[in-house]
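A short worksheet on the structure shown next.
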Amino acid sequence: MALPTAPGSPLPAVARGGGRRKRLVWTPSQSDALRASFEQNPYPGMATRQQLAQAIGVPEPRVQIWFQNERSRRLRQHRRESRPWPGPRGPREGRRKRTAITQSQTAVLLRAFEQERFPDFATREELARETGLPESRVHIWFQNQRARHPAPG
DNA sequence: CCGCTAACGTAATCATACC
DNA sequence: GGTATGATTACGTTAGCGG
């Protein structure tokens, strides 16, 4: 079957490998803290995300995803109201430090990639356990790998 | 049932390390 | 300079919680 090439292309879940991470439900105080931080800077760097994550007791990758989604909502709202989006203001904060993935870790990931290009959450966690890498980095590795090594056919 | 939204996908791009 | 690859962005889609 034809694999997706368009952004956000629809595809049956079965073709994607199934189960997602269990959906988070923010408490009111967590939402307040996230929104307050967003008003300060919609493009937080690793240090800010880590500090916020620690403060509200959630993993940093969940905070990063929240900011991505919140920016999308705000951008769409601004576009709808024909208002300009300020974009990043001030000096950019530092990114996450580039993760050094070893040859043996790459070998494990590559083997898994050959079996399944869209590993579900359980599989990604298993790979994280095997490699010692964070699940979020495994997730990103698969995204980059899919983008740079399209499935033949 | 249905709206909202976390989770997740792509494409493009930025950043870093190495030669 | 060029290549390889991890990280971030915009933006669209999927799926699950809660009214």
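Each chain gets a letter, A, B and so on, in the order the sequences are listed, and its residues count up from 1.
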(request) Grab the CZ-C1' distance between R20(A) and dG9(B) for me, whole Å please. (result) 9 Å

(request) State, with a plain yes or no, whether a side-chain heavy atom of T99(A) is found less than 4.5 Å away from one of W141(A). (result) no

(request) Any chance you could measure I101(A), atom CD1, to I140(A), atom CD1, to the nearest 0.5 Å? (result) 10.5 Å

(message) From the set dC8(B), dT9(C), dG6(C), return the single nucleotide nearest to any side-chain atom of F121(A).
(response) dC8(B)

Only pairs under 3.5 Å count here: list side-chain donor-acceptor contacts from residues 144-153 of chain A, not counting sequence neighbours, and write none if there are none.
residue : atom : partner : partner atom : Å
Q145(A) : NE2  : H149(A) : ND1          : 3.4
R146(A) : NH1  : R117(A) : O            : 2.8

(request) Establish, with yes or no, whether the OP1 or OP2 oxygen of dA10(C) is under 4.0 angstrom from a side-chain nitrogen or oxygen of Y43(A). (result) yes

(request) Keeping to residues at least two apart or across chains, list the salt bridge (Lys or Arg N to Asp or Glu O under 4.0 Å) pairs with something in residues 61-83 of chain A. (result) E39(A)-R74(A), E70(A)-R73(A), E70(A)-R74(A), E81(A)-R83(A)

(message) So, OP1 or OP2 of dC11(C): does either fall under 4.0 Å of a side-chain N or O from R79(A)?
(response) yes

(message) Is it the case that the side chains of S29(A) and D32(A) hold a donor-acceptor pair, with the cut-off being a distance below 3.5 Å and no angle test?
(response) no

(message) Under 4.0 Å from OP1 or OP2 of dA7(C): is there any side-chain N or O of T99(A) that close?
(response) yes

(message) Expressed as a whole number of angstroms, how long is the span from F118(A):CZ to dG9(B):C1'?
(response) 8 Å

(message) Tell me which residues in residues 130-147 of chain A lie within less than 4.0 Å of DNA chain C, going by non-hydrogen atoms.
(response) R137(A), I140(A), W141(A), N144(A)

(message) Please determine whether any donor N or O and acceptor N or O are separated by less than 3.5 Å between the side chain of R96(A) and the base of dT8(C).
(response) no

(message) Test of understanding: with side chain to side chain donor-acceptor pair (under 3.5 Å), list the residues that count as partners of E93(A), not counting sequence neighbours.
(response) N41(A), T48(A)

(request) Could you state the atom-to-atom distance from CE of M46(A) to P of dA7(C) in whole Å? (result) 9 Å

(request) Ignoring hydrogens and angles, tell me if any N or O in the side chain of R96(A) forms a donor-acceptor pair with the backbone of M46(A) under 3.5 Å. (result) no

(request) Please list, by residue number, the residues of residues 22-37 of chain A whose heavy atoms come closer than 4.0 Å to an atom of DNA chain B; answer none if no residue qualifies. (result) K22(A), R23(A), L24(A), W26(A)

(message) Under the criterion side-chain contact (heavy atoms from CB on, under 4.5 Å), I'd like the reasoning laid out for L109(A) against L133(A): C-alpha separation, chi angles, the key distance, then a yes or no.
(response) CA-CA 11 Å; L109(A) 295 173; L133(A) 294 167; 4.2 Å; yes

(message) Just the rounded figure in Å: distance from P of dA10(C) to CD of Q77(A).
(response) 15 Å

(request) To the nearest 0.5 Å, tell me how far H139(A) NE2 sits from S136(A) OG. (result) 9.5 Å

(message) Under 3.5 Å, is there any donor-acceptor pair linking the side chain of R95(A) to the base of dC14(B)?
(response) yes

(message) With a 4.0 Å limit, can you tell me whether R73(A) has a side-chain N or O closer than that to the phosphate oxygens OP1/OP2 of dA6(B)?
(response) yes

(request) Test for a donor-acceptor pair under 3.5 Å between the base of dG6(C) and the side chain of R148(A), counting only N and O atoms. (result) yes

(message) Expressed as a whole number of angstroms, how long is the span from Q103(A):CD to dA4(C):P?
(response) 15 Å

(request) Can you tell me the distance, in whole Å, between the CG atom of L75(A) and the C1' atom of dT9(C)? (result) 10 Å

(message) Looking at dT8(C), I'd like to know if its phosphate oxygens (OP1 or OP2) sit under 4.0 Å from a side-chain N or O belonging to R49(A).
(response) yes

(message) Taking side chain to side chain contact (heavy atoms under 4.5 Å, CB included) as the definition, give me every residue that meets it alongside A128(A), ordered by chain and number, with sequence neighbours left out.
(response) E135(A), V138(A)

(message) Can you tell me which nucleotide in dA6(B), dG6(C), dT10(B) comes closest to the side chain of N69(A)?
(response) dA6(B)

(message) Measure CZ/R117(A) against C1'/dC8(B) and give the value in whole Å, please.
(response) 15 Å

(request) Look at the side chain of R21(A) and decide which nucleotide, out of dC8(B), dC11(C), dG6(C), has an atom nearest to it. (result) dC8(B)

(message) What contact category does R92(A) fall into here, base, sugar-phosphate, or nothing, at under 4.0 angstrom with non-hydrogen atoms?
(response) sugar-phosphate

(request) Find which nucleotide of DNA chain C each of W85(A) and H149(A) is nearest to by heavy atoms, and output the residue with the more 5' nucleotide. (result) H149(A)

(request) Please report, rounded to the nearest Å, how far the C1' atom of dA7(B) is from the CZ atom of F67(A). (result) 17 Å

(request) Measure from the side-chain N and O atoms of Q105(A) to the backbone N and O of T131(A), and report whether any donor-acceptor pair falls under 3.5 Å. (result) yes

